[in-house]
Protein chains: 2
Amino acid sequence: MNDSKTITPEDIAARLQEYSINPTAQRVEIARVLFSRRTHLSAEDVFVLVNEQSSRVSKATVYNTLGLFAERGLIREVIADPARVFYDPNTAPHHHFYDTSTGRLTDIAADKVHVSGLPAVPEGMDVEGIDVIVRVRPASVDKD
Amino acid sequence: MNDSKTITPEDIAARLQEYSINPTAQRVEIARVLFSRRTHLSAEDVFVLVNEQSSRVSKATVYNTLGLFAERGLIREVIADPARVFYDPNTAPHHHFYDTSTGRLTDIAADKVHVSGLPAVPEGMDVEGIDVIVRVRPASVDKD
DNA sequence: CTTAATGCAAAGGCTTTGCAGAGAC
DNA sequence: GTCTCTGCAAAGCCTTTGCATTAAG
């Protein structure tokens with residue numbers, strides 16, 4: 001329970017273990033990058049940031065680790081950009097603005113948003129989550 | 001305005017022209033595939049379906065044409081599956097169930113759904129659309 | 001003839017995979 | 001020593017692009 005901006009490797013390791021993830025050095029580094037920025041990062045972003053810091057982590061490990069984190073529920077995949085997956089360390093329910101001109105994502109706090117009138121899910125299905133993506137673009141000042 | 005299931009090439013051509021799209025043979029074929037199925041089709045799906053029918057259309061043309069259609073507003077891109085873009089001939093506001101185990105999309109009529117409490121969009125931005133994607137998975141009967 | 005669209009194949013970007021080597025206990 | 005993780009490089013998809021050919025008026 002550390003709610004300041006300083007996150008220690010031990011905090012990270014503990015968190016990984018809560019999600020049944022063996023906290024290896026690389027995984028801790030990757031998690032640290034994610035949780036210290038608290039933004040939407042692509043695998044490439046993570047790869048760059050991790051290698052900027054201390055350890056060397058290969059691309060394969062970055063991809064595998066992000067997949068593992070997402071599968072275990074430590075982070076969330078955001079599918080909004082057709083070209084790449086973003087990983088979001090914020091697993092609390094929330095939504096996104098997606099700027100179609102730049103591909104940039106911005107958070108929308110979920111407590112402000114209410115989605116009503118959704119039909120029952122198909123038989124035998126469980127809801128995993130609800131993504132609300134508000135697609136925005138620069139106003140028509142500069143449209144072509 | 002033809003609301004029966006039979007869509008003639010002339011209907012299609014007229015519709016393309018409403019969207020300032022020059023109705024070539026290939027484009028009409030592609031549009032026909034989309035509007036006669038009224039489902040979410042990937043570029044690959046369209047490619048297969050178009051070539052099953054009459055004319056031969058290359059993959060490049062399928063991709064370029066789908067992009068053109070989407071850009072002009074004739075169809076809508078649905079970004080829900082990290083692996084491929086789906087194209088939706090239904091441009092009326094509506095939402096989707098996304099089965100994460102199969103990648104299949106199902107429509108949710110928009111008139112049933114109400115999204116409230118969205119914050120104002122960032123300065124200088126216009127809302128292009130709101131996507132609500134309800135991610136579902138088979139209930140825990142058969143989980144692994 | 002002139003302009004626009006098509007098709008082929010190559011290239012490009014993101015992601016996954018196979019397998020050998022390194023690390024942890 | 002055994003089991004797991006990591007890293008490299010190759011391969012796999014989906015999609016885009018360059019350019020010559022073809023179609024349209």
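None of the values given here were measured: they were computed from a predicted structure. By convention in this document, chain letters (A, B, ...) are assigned in the order of the sequence lines, proteins followed by strands, and residues within each chain are numbered from 1.
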Does [X] place a side-chain N or O at less than 4.0 Å from the phosphate oxygens OP1/OP2 of [N]?
{"X": "B/S58", "N": "C/dG7", "result": "yes"}
{"X": "B/Q26", "N": "D/dA23", "result": "no"}
{"X": "A/T24", "N": "D/dT4", "result": "no"}

Item to check | Inter- and intrachain pairs under ring-ring contact (aromatic ring centres under 6.0 Å, His included), touching residues 60-88 of chain B, at least two apart | outcome: none
Length of the line joining [X]:[atom1] and [N]:[atom2], which is rounded to integer Å:
{"X": "A/Y63", "N": "C/dT15", "atom1": "OH", "atom2": "P", "result": "4 Å"}
{"X": "A/R56", "N": "C/dA22", "atom1": "CZ", "atom2": "C1'", "result": "16 Å"}
{"X": "B/F47", "N": "C/dT6", "atom1": "CZ", "atom2": "P", "result": "14 Å"}
{"X": "A/I21", "N": "D/dC5", "atom1": "CD1", "atom2": "P", "result": "11 Å"}
{"X": "B/L68", "N": "C/dA4", "atom1": "CG", "atom2": "C1'", "result": "12 Å"}
{"X": "A/L66", "N": "D/dG7", "atom1": "CG", "atom2": "C1'", "result": "16 Å"}
{"X": "A/E44", "N": "C/dT16", "atom1": "CD", "atom2": "P", "result": "14 Å"}
{"X": "B/L41", "N": "D/dC14", "atom1": "CG", "atom2": "P", "result": "15 Å"}

Checklist entry - Of all heavy-atom pairs between B/S42 and B/R84, which one has the smallest distance, and what is that distance? => result CB-CD, 3.6 Å
Checklist entry - Just by distance, do the side chain of B/N51 and the backbone of B/F47 share a donor-acceptor pair under 3.5 Å? => result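 Yes, B/N51 side chain to B/F47 backbone: donor-acceptor pair under 3.5 Å.
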Checklist entry - Taking for each residue the nucleotide of DNA chain C bearing the nearest heavy atom, is the 5' side occupied by B/K59 or by B/N22? => result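 Taking each residue's closest nucleotide, the earlier one in sequence belongs to B/N22.
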Between [options], spot the one nearest the side chain of [X], thanks.
{"X": "A/T65", "options": "D/dT6, C/dT15, D/dT15", "answer": "D/dT6"}
{"X": "A/N64", "options": "C/dT17, C/dT6, C/dA9", "answer": "C/dT17"}
{"X": "A/R27", "options": "C/dT6, D/dC5, C/dT17", "answer": "D/dC5"}

Item to check | side-chain hydrogen bond (donor to acceptor under 3.5 Å, both in side chains): pairs with one or both residues in residues 126-135 of chain A, sequence neighbours excluded | outcome: A/R76-A/D131, A/E128-B/T100
Checklist entry - Under a single-linkage rule joining Ile, Leu, Val, Met, Phe, Trp and Tyr whose side-chain heavy atoms are separated by less than 4.5 Å, which residues share a cluster with B/M125? => result A/F97, A/I108, A/V113, A/V115, A/L118, A/V121, A/M125, A/V127, A/I130, A/V132, A/V134, A/V136, B/F97, B/I108, B/V113, B/V115, B/L118, B/V121, B/V127, B/I130, B/V132, B/V134, B/V136
Checklist outcome for this item: B/H94 meets the ring pair (Phe, Tyr, Trp, His ring centres under 6.0 Å) criterion, sequence neighbours left out, with B/H96
Checklist entry - Of the residues in residues 69-89 of chain A, which ones touch DNA chain C at a heavy-atom distance under 4.0 Å? => result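 Under 4.0 Å from DNA chain C: A/A83, A/R84, A/V85.
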Checklist entry - Looking at residues at least two apart in the chain, or sitting in another chain, which of them share a side chain to side chain contact (heavy atoms under 4.5 Å, CB included) with A/A14? => result none
